Undergrad: 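Input: one structure, supplied below.
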Amino acid sequence: MSSYPFDEIEKKWKVKWEEQKLYQTDIQNTEKNFYCLVMFPYPSGDKLHIGHWYNFGPTDTFARFKRMQGYNVFEPIGYDAFGLPAENYAIKVGVHPSISTSKNIEKFREQLKAIGAMYDFSKEINTSSPEYYKWTQWFFLMLYNKGLAYRKKAPVNWCPNCQTVLANEQVINGQCERCDTDVTRKDLAQWFFKITDYAEKLLEGHDRIDWPEKTITMQKNWIGRSEGAEISFGVDGTDDKIDVFTTRPDTLFGVTYMVLAPEHPLVEKLTSADNRREVEAYIDKSRKTSDIDRTSTEREKTGVFTGAYAINPVNDEKVPIWIADYVLLTYGTGCVMAVPAHDERDFEFARKYGLHIREVISPNGSPGGELEAAYVDVGVMINSGQFDGLKSDEGIDKVIDYLEEKGAGKRTVNYRLRDWLISRQRYWGAPIPIVFCPDCGEVPVPMENLPVMLPEKVEFKGKGESPLTTAPDFANTTCPNCGKKARREVDTMDTFVCSSWYFLRYPTPHLDSAAFDRENLKNWMPVHQYVGGAEHAVMHLLYARFFVKVLHDLELIDFDEPFQRLFHQGVITREGNKMSKSRGNVVNPDRFIDEYGSDTFRMYMMFMGNYADGGDWSDEGIVGIHRFLNRIWRLVEMIDENKPAGNEIERSKELERIRHYTAKMVTQGLENFHFNTAISRLMELVNEMYLYIQEVEPAEQNISIVEDARETLILLLAPFAPHLSEELWEKLGHNDSVFNAQYPGYDEDKIKSDTIPIVIQVNGKVRENMEAEPDTADDEIVDRALGLPKIQKYTNGKKIVKTIVVKNKLVNLVVR
RNA sequence: GCGAGAGUGGCGGAAUUGGCAGACGCGCUAGACUUAGGAUCUAGUACCUACGGGUGUGGGGGUUCAAGUCCCCCCUCUCGCACCA
């Protein structure tokens with residue numbers, strides 16, 4: 001295929017842009033700033049894959065568009081460089097993570113440059129550099145000092161493959177988010193961030209950000225706010241209390257038994273001698289059951305009786321206390337009051353074990369006899385003492401009021417969200433700046449001693465203990481408080497901690513007096529446009545919001561949401577299948593960049609389909625875009641070689657109309673990330689220009705319209721195909737970069753044509769078309785339509801019962 | 001199981017305050033140019049047709065002058081949640 005010299009052009013402009021420092025953003029600028037951000041990559045040993053390109057290429061097109069619209073655009077890039085692959089590589093091959101990581105970053109940087117994006121490489125970030133992780137540690141201490149970081153022993157998620165603990169968010173369907181290994185439980189002392197304190201603020205902020213509805217819903221569900229009451233049950237024959245959380249206090253009179261999670265601390269104490277063996281066997285069994293099995297809704301519920309009884313505070317009734325593994329220790333108080341008549345799970349359980357079922361909510365106010373299934377909807381309270389006859393939804397409040405009066409319960413809000421477990425038993429992460437002193441206990445490393453440097457010399461064994469234990473110089477230290485011998489914390493931080501604040505660092509990546517520059521961030525934050533994968537909805541995107549809200553509460557920043565507008569790119573498939581190494585259907589970008597150039601490659605990705613939906617890659621499809629760019633290249637040449645020299649008006653009208661229409665549609669398309677249709681409109685403009693220069697002799701061609709169309713085309717193309725457009729712009733005689741040029745506007749009046757095609761239907765079927773002037777009166781349109789021979793064929797001898805006119809669009813004649 | 005989204009030519013995909021279904025591209029067909037062309041330019045391309053038309057947006061019903069678009073039922077796929085008391 002003959003081709004424009006893309007190789008030469010792309011090389012030429014990459015060098016020129018770098019020489020001119022075209023993309024170094026003036027960070028001190030205060031007006032019309034635009035912060036356009038992509039989720040920074042993990043620099044793996046592999047090259048940039050197509051998913052990176054799909055995230056970065058189209059986003060750069062958007063950023064360039066904003067720049068040409070006159071914004072001072074900041075488009076930074078960096079490396080989320082701490083993480084497991086580098087460490088696993090060290091275990092396998094013996095290359096130190098710091099070496100492999102810096103090598104990978106070098107490679108990545110070269111690849112990123114191939115995209116031809118406006119990255120300001122002078123603002124690059126590397127989360128694994130001490131210059132950066134010093135401030136990650138500072139964040140830890142800040143949270144620690146505010147009581148938002150704490151250490152506690154708890155049953156935690158353990159990935160046997162990664163040999164480390166995981167946060168709840170990082171367990172997907174009972175499997176490790178990274179490697180899909182089944183996660184197990186371990187009792188370990190671990191560090192947590194108190195994100196639960198921010199549940200309410202995280203929910204409130206959702207109303208003020210322009211994010212995909214789906215992502216907001218996922219966060220809301222993850223936080224899982226529910227309103228209800230905490231109710232205190234006595235334990236028969238003891239002074240113990242069992243607190244339960246319920247959203248249905250209106251069903252309190254229907255409680256016929258209680259269920260505790262098997263791991264609940266009270267179980268040991270409550271269990272009677274007669275039941276002990278059975279209870280212990282059950283606890284043992286449920287410990288061995290994996291979480292995936294335990295939380296499967298398919299599985300039949302099991303449980304055992306403890307031999308103890310609880311006292312219902314509203315009616316002093318004695319009800320048996322059971323344990324069952326469908327009750328989760330981690331939600332609410334770890335126990336539930338069971339109301340089998342009005343809860344499906346309790347109903348199933350009661351049926352199986354022959355427990356009593358008492359109806360207390362009736363659909364119509366009268367008892368319904370034996371229930372076939374749990375009735376969970378609103379109804380009228382019955383068998384509920386003084387509350388009988390109340391509508392159950394009103395009863396909720398009344399019952400809580402009564403309990404509060406009696407001191408047996410209170411109104412509460414419960415959340416599904418758990419605190420964020422941030423410690424990891426791995427080497428390649430930011431060390432947690434804490435020292436354990438035999439006398440002083442847990443002591444934070446003083447801020448001025450940061451960073452706590454990762455030791456170089458450690459053993460990589462992958463044994464489930466932090467490799468930092470193998471560095472005596474690191475692990476053994478002195479207490480910052482009393483100076484005695486002490487031990488350092490050897491766990492490192494979850495890499496999601498590093499990525500929770502990187503966007504604050506980009507404008508001032510080398511600042512050594514603070515993590516970020518508060519005054520400067522006033523000009524840049526919140527990020528105006530953030531683009532990245534949807535898989536981070538309840539991980540990175542929730543953590544980053546948490547960090548920003550904490551900083552805002554501490555009055556260290558002046559905004560409380562990090563990302564104003566968020567967009568998730570879709571996933572690229574091949575022949576309808578996800579790309580994966582195991583399938584062997586991965587597209588290697590390099591091959592296509594060699595063959596067609598990076599302009600073609602990035603533009604084809606945008607043309608494949610809707611950006612939010614992803615698209616299906618086709619080795620053949622890409623030639624369409626390559627042809628299109630060639631067609632533009634030739635078009636510009638052809639116009640140069642046969643210069644228009646006339647001013648004809650008739651034929652050029654349509655060209656002029658399309659030029660303005662295209663500018664409008666491309667502008668709107670880019671604003672909304674509709675790259676694919678924007679490119680289609682550009683193609684239409686090119687097609688029309690070809691027709692014009694072929695149908696009209698150069699001597700007749702309207703100079704100003706052709707020149708304007710050509711210039712507009714290049715300007716509109718520039719965000720999509722930056723190298724080619726820059727070259728063509730230069731060819732047109734411009735000295736300055738096309739990216740310093742102004743984005744073309746359009747004239748609405750010129751988009752309107754003199755006549756509009758009107759569709760004529762008879763009984764809803766299209767029978768004829770005609771041209772009419774815009775806004776022609778309805779009567780006239782109908783008269784003209786009735787006069788057309790083809791229409792008369794359908795109306796002759798028939799009665800017109802109704803006429804519908806849609807202005808400037810169609811006429812429908814209903815005949816009988 | 002629950003929730004959300006999607007299903008349109010041979011292919012990727014356009015078009016939803018209801019108003020010509022299939023923009024744009026791939027592929028295919030024809031013509032032009034050409035020594036040649038897997039380059040380029042132009043035109044055509046949903047299906048059926050006794051050439052009058054008729055039928056078509058996963059399937060079946062409905063509302064309407066008019067339905068890919070709205071309503072009801074069903075099928076398939078994708079994503080999210082999965083005993084959250």
Side-chain angles (χ1 to χ4, degrees), chain A residues 1-3 172-174 213-215 217-218 221-222 224-226 228 244-248 251 259 261 292 294-299 301 324-328 330-339 342-346 348-349 414-417 534-535 537-538 570-571 573 575-576 578 604 607-610 612-625 627-628 630-631 634 638 665 674 676-684 686-687 690-691 694-695 757-769 793 801-815:
Chain A
M1 185 186 292
S2 85
S3 188
I172 315 287
N173 294 327
E213 203 47 57
K214 206 179 162 171
T215 307
T217 304
M218 277 172 72
N221 291 341
W222 188 258
R225 182 185 201 274
S226 54
V244 298
F245 173 76
T246 179
T247 55
R248 296 293 304 274
T251 64
V259 191
I292 328 147
R294 243 182 100 164
T295 56
S296 162
T297 44
E298 312 292 307
R299 188 164 147 268
K301 295 182 194 357
D325 64 6
Y326 78 89
V327 174
L328 308 172
T330 50
Y331 184 77
T333 60
C335 7
V336 300
M337 56 176 230
V339 186
H342 306 292
D343 181 283
E344 281 162 22
R345 295 153 301 177
D346 297 344
E348 184 196 329
F349 194 80
N414 196 50
Y415 301 93
R416 209 185 79 117
L417 182 70
E535 66 275 13
V538 293
V571 175
T573 55
E575 281 150 17
K578 261 190 192 159
Y604 175 58
F607 186 63
M608 271 190 315
N610 185 310
D613 297 340
D616 201 59
W617 176 273
S618 150
D619 289 2
E620 292 77 45
I622 191 170
V623 305
I625 291 292
R627 251 180 246 173
F628 173 60
N630 272 309
R631 216 163 129 79
R634 279 191 301 270
M638 280 159 79
M665 297 310 279
H674 294 158
N676 55 338
T677 48
I679 294 170
S680 295
R681 299 292 87 79
L682 283 175
M683 288 172 168
E684 284 167 352
V686 170
N687 290 345
Y690 262 90
L691 290 184
Q694 285 172 106
E695 285 172 21
I758 304 288
V759 172
I760 302 152
Q761 299 181 333
V762 179
N763 288 343
K765 293 205 164 145
V766 181
R767 297 300 180 185
E768 185 60 298
N769 285 280
K793 226 173 84 183
V801 268
K802 199 171 180 182
T803 60
I804 291 116
V805 180
V806 180
K807 227 179 204 32
N808 299 334
K809 282 226 167 104
L810 67 65
V811 185
N812 188 9
L813 307 166
V814 186
V815 302

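All values derive from a computational prediction rather than experimental measurement. Quick note: numbers below take in every heavy atom, side chains included, and nothing from hydrogens, waters or symmetry partners.
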Undergrad: Using whole Å, what does the distance between atom C1' of nucleotide B:G12 and atom CD of A:E620 come to?
TA: 11 Å

Undergrad: Could you check if the base of B:G52 is syn or anti? Syn means the glycosidic torsion is within 90 degrees of 0.
TA: syn

Undergrad: Kindly point out which of B:G80, B:C26, B:C20 is positioned nearest to the side chain of A:M218?
TA: B:G80

Undergrad: Pairing check on B:G18: which nucleotide meets the Watson-Crick or G-U wobble criteria with it, both distances under 3.5 Å?
TA: none

Undergrad: Please confirm whether the backbone N or O of A:V815 pairs with a side-chain atom of A:N763, one donor and one acceptor, at under 3.5 Å?
TA: yes

Undergrad: Contact class for A:N687 vs. all strands (heavy atom < 4.0 Å): base, sugar-phosphate, or nothing?
TA: sugar-phosphate

Undergrad: Which nucleotide in the set B:C84, B:G19, B:G53 lies at the smallest distance from any side-chain heavy atom of A:L328?
TA: B:C84

Undergrad: Considering Watson-Crick and G-U wobble pairs with both distances under 3.5 Å, what does B:A32 pair with?
TA: B:U40

Undergrad: Name the nucleic acid region contacted by A:D616, choosing base, sugar-phosphate or nothing; use a 4.0 angstrom heavy-atom cut-off, strictly under.
TA: sugar-phosphate

Undergrad: In whole Å, what is the span from the CG atom of A:N763 to the P atom of B:A66?
TA: 9 Å

Undergrad: Between B:C81 and A:K214, is there an OP1 or OP2 to side-chain N/O distance shorter than 4.0 Å?
TA: no

Undergrad: Can you tell me the base-pairing partner of B:A82? Count Watson-Crick or G-U wobble geometry only, both distances below 3.5 Å, and say none if there is no partner.
TA: none

Undergrad: State yes or no: are the ring centers of A:Y326 and A:F349 separated by less than 6.0 Å?
TA: yes

Undergrad: When the C1' atoms of B:A67 and B:C20 are considered, how many whole Å apart are they?
TA: 14 Å

Undergrad: Using the P atoms only, state how far B:G5 lies from B:G53, rounded to an integer number of Å.
TA: 42 Å

Undergrad: With a 3.5 Å distance limit and no angle check, can you tell me whether A:N414 reaches the backbone of A:S226 through a side-chain donor-acceptor pair?
TA: no

Undergrad: Between B:C81, B:U55, B:A85, spot the one nearest the side chain of A:R416, thanks.
TA: B:C81

Undergrad: Within less than 4.0 Å of OP1 or OP2 of B:C77, is there a side-chain N or O belonging to A:K578?
TA: no

Undergrad: Base, sugar-phosphate, or nothing for A:R299, non-hydrogen atoms under 4.0 angstrom?
TA: base

Undergrad: Below the 4.0 Å mark, does B:G12 have OP1 or OP2 next to a side-chain nitrogen or oxygen of A:N676?
TA: no

Undergrad: Looking across every strand, which nucleic acid part, if any, lies under 4.0 Å from A:Y690 by heavy atom: base, sugar-phosphate, or nothing?
TA: sugar-phosphate

Undergrad: Paired with B:U57: which nucleotide, if any, by Watson-Crick or G-U wobble criteria at under 3.5 Å for both distances?
TA: none

Undergrad: Strictly below 4.0 Å: does A:R681 bring a side-chain N or O up to OP1 or OP2 of B:A14?
TA: no

Undergrad: Need one value for A:D346: base, sugar-phosphate or nothing, where a base atom within 4.0 Å counts as base even if backbone is also close, heavy atoms only.
TA: nothing

Undergrad: As a test of understanding, state which of A:V244, A:V259, A:T246 forms a side chain to side chain contact (heavy atoms under 4.5 Å, CB included) with A:V336.
TA: A:V259

Undergrad: Could you tell me how far B:G44 sits from B:A23 if I compare only their P atoms? Round to whole Å.
TA: 12 Å

Undergrad: What is the nucleic acid contact for A:S618, judged by heavy atoms within less than 4.0 Å: base, sugar-phosphate only, or nothing?
TA: nothing

Undergrad: Output the single nucleotide from B:C41, B:C20, B:C84 whose closest atom is nearest the side chain of A:Y331.
TA: B:C84

Undergrad: Could you check whether A:T330 gets within reach of a base, just the sugar-phosphate, or nothing at all, counting any heavy atom under 4.0 Å?
TA: nothing

Undergrad: Within the distance-only criterion (no hydrogens, no angle test), does the side chain of A:D613 pair as donor or acceptor with the backbone N or O of A:G570 below 3.5 angstrom?
TA: no

Undergrad: Which whole number of Å gives the distance between the P atom of B:C77 and that of B:G38?
TA: 43 Å

Undergrad: Over how many whole Å does the gap from A:D619 atom CG to B:G27 atom P extend?
TA: 12 Å

Undergrad: Would you indicate what A:V814 reaches in the nucleic acid, counting non-hydrogen atoms under 4.0 angstrom: base, sugar-phosphate, or nothing?
TA: sugar-phosphate

Undergrad: Find the distance between CD1 (A:I622) and CZ (A:F607) and round it off to the nearest 0.5 Å.
TA: 12.0 Å

Undergrad: Reckon A:V259 touches a base, only the sugar-phosphate, or nothing at all at heavy-atom distances under 4.0 Å?
TA: nothing

Undergrad: Pick one for B:G9: is it syn, with its angle within 90° of 0, or anti?
TA: syn

Undergrad: So what does A:N414 hit on the nucleic acid, given a heavy-atom distance under 4.0 Å: a base, only sugar-phosphate, or nothing?
TA: nothing

Undergrad: Are any of the side-chain nitrogens in A:R345 or A:E348 under 4.0 Å away from the carboxylate oxygens of its partner?
TA: no

Undergrad: Specify the separation, in whole Å, of atom CG of A:N812 and atom C1' of B:A67.
TA: 13 Å

Undergrad: Roughly, in whole Å, what's the span from CD in A:E768 to P in B:G53?
TA: 11 Å

Undergrad: Return whichever of A:T573 or A:K809 has its heavy-atom-nearest nucleotide of RNA chain B closer to the 5' end.
TA: A:T573

Undergrad: Let me know the distance between CZ of A:F607 and P of B:G12, rounded to the nearest Å.
TA: 14 Å

Undergrad: Looking only at side-chain atoms of A:V623, point me to the closest of B:G27, B:C83, B:A85.
TA: B:G27

Undergrad: How do A:L691 and A:G609 order along RNA chain B: which one's closest nucleotide is nearer the 5' end?
TA: A:G609

Undergrad: I'd like the P distance from B:U45 over to B:G37, given in whole Å.
TA: 26 Å

Undergrad: Below the 4.0 Å mark, does B:C24 have OP1 or OP2 next to a side-chain nitrogen or oxygen of A:T677?
TA: no

Undergrad: Please classify the nucleic acid contact of A:Q694 as base, sugar-phosphate, or nothing, using heavy-atom distances under 4.0 Å.
TA: sugar-phosphate

Undergrad: Counting Watson-Crick and G-U wobble pairs only, both distances under 3.5 Å, name the nucleotide matched with B:G7, or none.
TA: B:C75

Undergrad: Can you tell me how far C1' in B:A21 sits from the matching atom in B:A14, rounded to whole Å?
TA: 10 Å

Undergrad: Is there a side-chain polar atom (N or O) of A:R627 under 4.0 Å from OP1 or OP2 of B:G38?
TA: no

Undergrad: So does A:G615 get a backbone contact from the side chain of A:T573, meaning a donor-acceptor N/O pair under 3.5 Å?
TA: yes

Undergrad: Rounded to whole Å, please give me the gap between CG in A:N610 and C1' in B:U16.
TA: 14 Å

Undergrad: Determine the contact category for A:E684: base if any of its heavy atoms lies under 4.0 Å from a base atom, sugar-phosphate if only primed atoms, P, OP1 or OP2 are that close, otherwise nothing.
TA: sugar-phosphate

Undergrad: Under 4.0 Å between a side-chain N or O of A:R225 and OP1 or OP2 of B:C84?
TA: no

Undergrad: Between A:R634 and B:A39, is there a contact of a side-chain N or O with OP1 or OP2 at under 4.0 Å?
TA: no

Undergrad: Can a donor-acceptor pair be found between the side chains of A:N687 and A:R631 at a distance below 3.5 Å?
TA: yes

Undergrad: Give a yes or no on whether A:E344 atom CD has more than 12 heavy-atom contacts from other residues, nucleotides or ligands under 6.0 Å away.
TA: no

Undergrad: Could you tell me how far B:G80 sits from B:G25 if I compare only their C1' atoms? Round to whole Å.
TA: 33 Å

Undergrad: Across all strands, who's sitting opposite B:G68 as a Watson-Crick or G-U wobble pair, both distances under 3.5 Å?
TA: none

Undergrad: Which part of the nucleic acid, if any, lies within reach of A:R767 when heavy atoms closer than 4.0 Å are counted: base, sugar-phosphate only, or nothing?
TA: sugar-phosphate

Undergrad: Would you mind reading off the distance between A:Y604 atom OH and B:C26 atom P, rounded to a whole angstrom?
TA: 11 Å

Undergrad: Taking B:G56 as the reference, what is the distance to B:C24 when you measure between their P atoms (whole Å, please)?
TA: 25 Å

